[in-house]
Enquirer: 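Once you've had a glance at the structure underneath, I'll fire off some questions.
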Amino acid sequence: MSGRLTECFATLKENNRKALIPYITAGDSNPTITVPLMHRMVESGVDIIELGIPFSDPMADGPTIQLACERALEHHTSLHDVIDMVSEFRKTNTTTPIVLMGYLNPVEAFGYEEFAKAAKECGIDGLLTVDLPPEESTQLVDVLKKYEIDPIFLLSPTTTEERIDKIVHAGSGYLYYVSLKGVTGSSALNVDEVASNVAKINKHTTLPVGVGFGIKDAESASAVAAVSDGVIVGSAIVKIIENNPDDTDTILDQIGALLSSMREAMDK
Amino acid sequence: MSTVRTETVNGRKNSQIKNDLNDHDLSNVDLSTIDWDNLADENGHFGIYGGCFASETLMEAIQELDEAYNSLKDDPEFQANYDNDLRNYVGRPSPLYHAERWSKQLGGAQIYLKREDLNHTGAHKINNTIGQALLAKHMGKPRIIAETGAGQHGVATATIAARLGLECVVYMGEVDVERQAPNVYRMKLLGAEVRPVSSGSKTLKDALNEAMRDWVTNVDNTFYCIGTVAGPHPYPSMVRNFQTIIGREAKEQCLEQTGRLPDALIACIGGGSNAIGLFHEFLPDLDVAIYGVEAAGHGLETGEHAAPLSMAKPGVLHGNRMYLMADKDGQVVEPHSISAGLDYPGVGPEHCLLKDLGRTHAVAVTDDEAMEAFHSLTRIEGIIPALESSHALAYAMKLAPTMDKDKTIIINLSGRGDKDINTVAALEGIKL
């Protein structure tokens with residue numbers, strides 16, 4: 001599959017480190033900020049970037065990501081634009097894996113084959129479509145695999161062992177474990193429960209498991225890193241943009257500082 | 001890659017209906033070979049439409065629902081409870097009424113109204129909420145949530161929740177809360193909590209998004225009662241099955257009153273539950289012409305409408321693939337209709353397949369045409385129809401005059417118009 005994702009996790013493992021994976025919505029709060037922000041996040045020590053495809057109806061997301069989508073859509077940020085942003089990013093960074101994350105309809109409107117081809121050309125490494133369970137994914141996954149793009153799937157606290165088995169075989173790159181019942185931006189992270197569920201998943205696969213939902217500071221990042229292969233941070237970052245939509249410097253500085261503190265805590 | 005359906009019922013095969021995005025042309029299918037009761041495969045695919053496009057956080061709850069419904073749908077005790085409620089609580093069967101004076105005025109086919117407006121709570125919606133609430137109770141879920149547009153589904157859910165002693169939360173777009181104020185108050189009287197939704201277009205689709213978010217968060221104790229024949233499998237099939245009582249009664253009543261099958265059926269389509277409820281029983285009767293009437297809003301050419309079957313391409317939203325109003329980037333477009341119950345950018349997957357098969361005709365009428373029909377039926381027959389149902393009536397005003405006087409049309413009068421009098425008065429510049 002994608003060389004970059006596999007290599008990234010292999011290197012981390014060699015060095016006994018865990019992946020720090022931030023999520024931002026492309027085009028939030030405006031399209032010009034996205035690429036500089038991606039570079040700043042890399043400088044702050046992240047390993048992989050999840051770049052959100054804005055969608056009008058983000059059903060699995062809480063208010064923070066919903067508003068991020070709305071801000072991006074005010075600027076009409078389309079999937080074409082997201083692909084252009086990755087091309088721009090790749091001019092100076094050819095190593096950090098990029099995973100697009102969003103809902104199926106923009107990808108379907110683009111066309112599966114057309115999307116996969118364009119994504120491969122611009123250096124996108126994975127795709128996570130929140131509303132596409134493996135049962136419905138055969139046609140898209142076949143196309144993604146043809147272009148060596150990793151299909152990333154979600155697992156949740158309610159996923160049965162039977163489904164875990166199905167999901168780990170459908171996905172590649174890494175698995176995204178949703179740490180709690182609820183939408184993005186919820187609180188109430190239970191690290192013990194995460195630990196036991198990640199252990200359950202590990203019995204079915206050798207794929208790395210990243211954990212997202214409910215991680216908002218260095219402390220929670222470090223706690224989750226201790227029991228998984230990676231920490232995914234979304235709403236906590238997006239909240240900084242929400243609070244300073246017109247202030248690029250503050251956005252870059254505060255997000256940089258948050259991620260640096262997480263990196264430091266995770267590496268201790 | 002193509003997944004060809006091979007299930008066989010009564011010796012018939014629906015293998016011509018393919019689930020392949022690259023190859024789903026159905027124009028050459030021989031309709032006489034179709035098994036209409038089993039258009040969907042076991043995973044709810046109506047050709048390329050339908051399916052279960054839900055986030056992993058919901059999959060377990062959806063599968064639990066699917067299993068519970070499958071174990072109960074043919075259970076005699078469950079069916080007896082349901083039938084008993086329809087008869088003694090809802091007041092079924094609803095009459096099939098020959099609107100003689102209106103038929104005469106239109107000067108063509110004889111028009112029969114299937115009076116779902118006479119049901120308890122004033123619309124067809126209760127047929128479905130009773131079924132789902134009985135299921136919720138059986139599954140031991142103490143809390144039931146719903147989305148609503150016009151408020152009819154919300155009222156029907158709040159009603160049955162009151163009767164079964166279930167906690168009830170209804171999500172409703174802010175715009176709809178305003179234009180359907182009487183229904184909001186009814187829900188509150190019934191003990192439901194109405195949560196206004198301020199995201200997106202503040203209408204039905206956003207209420208659905210918010211209900212899904214609630215479900216994801218409270219999945220252990222909550223049953224999501226969807227009001228239409230859309231959403232992730234098994235909702236489209238389950239809701240249809242709870243609504244097909246409309247068509248079964250109508251067929252029997254029509255045979256009794258006219259001695260033969262109708263020549264045409266007309267129903268309005270938002271998500272499509274009242275329409276599929278009437279249509280389904282008649283699908284094998286290929287001589288019966290079937291018209292689904294969408295909301296053309298300000299006119300199809302203006303783009304301000306709620307007519308995905310007429311105007312849109314397939315897309316994925318709210319757990320299923322369907323004809324979906326979206327822009328070239330796949331962003332969902334805000335629909336427009338004077339009628340809150342039709343103000344939805346998608347349409348149930350079975351309707352999408354029926355249209356592609358050419359079994360049903362997708363037509364549309366404007367806000368103005370629906371208003372004209374609203375007044376016409378009210379003045380000529382003494383029946384105030386819901387603005388949703390007025391769309392079906394408006395199409396009948398076009399179709400009936402083109403047919404002979406000995407032909408018959410059944411219209412699903414899906415709801416009563418009491419809830420709409422504020423909207424209508426405001427349009428006429430009258431303050432109530």
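Naming convention: chains lettered A, B, ... in sequence-line order (proteins, then strands); numbering from 1 in each chain.
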Enquirer: At what distance, to the nearest 0.5 angstrom, does CE of A/Met59 lie from CG of B/Leu317?
Expert: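 Atom-to-atom, A/Met59:CE and B/Leu317:CG are 5.0 Å apart.
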
Enquirer: Is it the backbone or the side chain of B/Glu334 that comes under 4.5 Å from a heavy atom of chain A, or both, or neither?
Expert: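 For B/Glu334, no heavy atom lies under 4.5 Å from chain A.
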
Enquirer: Shorter than 4.5 Å, heavy atoms on both sides: which option in A/Thr129, A/Asp81, A/Asp61, A/Val178 has the most such pairs with chain B?
Expert: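 The option with the most such pairs is A/Asp61.
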
Enquirer: Please classify the contact of A/Tyr112 with chain B as side chain, backbone, both or neither, using a heavy-atom distance under 4.5 Å.
Expert: side chain

Enquirer: Does a donor on one side chain sit under 3.5 Å from an acceptor on the other, for B/Asn43 and A/Glu136?
Expert: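 Distance-only check fails for B/Asn43 and A/Glu136.
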
Enquirer: Is there a donor-acceptor pair under 3.5 Å between the side chain of A/Asn105 and the backbone N or O of B/Gly330?
Expert: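 Here the side-chain-to-backbone pair exists.
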
Enquirer: Answer with yes or no whether the side chains of B/Glu60 and A/Thr159 bring together a donor and an acceptor at under 3.5 Å.
Expert: no

Enquirer: Measure A/Leu155 against the heavy atoms of chain B and call it side chain, backbone, both or neither at under 4.5 Å.
Expert: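 The answer is the backbone of A/Leu155.
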
Enquirer: If you tally heavy-atom pairs under 4.5 Å against chain A, which of B/Lys313, B/Lys205, B/Lys328 wins?
Expert: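 Sorted descending by pairs with chain A, the first entry is B/Lys205.
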
Enquirer: Whether the side chain of A/Ser56 engages the backbone of B/Val332 through a donor-acceptor N/O pair (distance < 3.5 Å, no angle test) should be reported.
Expert: yes

Enquirer: Chain A: which of B/Glu210, B/Met212, B/His318 shares the most heavy-atom pairs with it under 4.5 Å?
Expert: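 Ranked by heavy-atom pairs under 4.5 Å with chain A, first place is B/His318.
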
Enquirer: Say whether, by atom type as modelled, one donor and one acceptor occur between the side chain of A/Glu108 and the main chain of B/Arg321 under 3.5 angstrom.
Expert: no

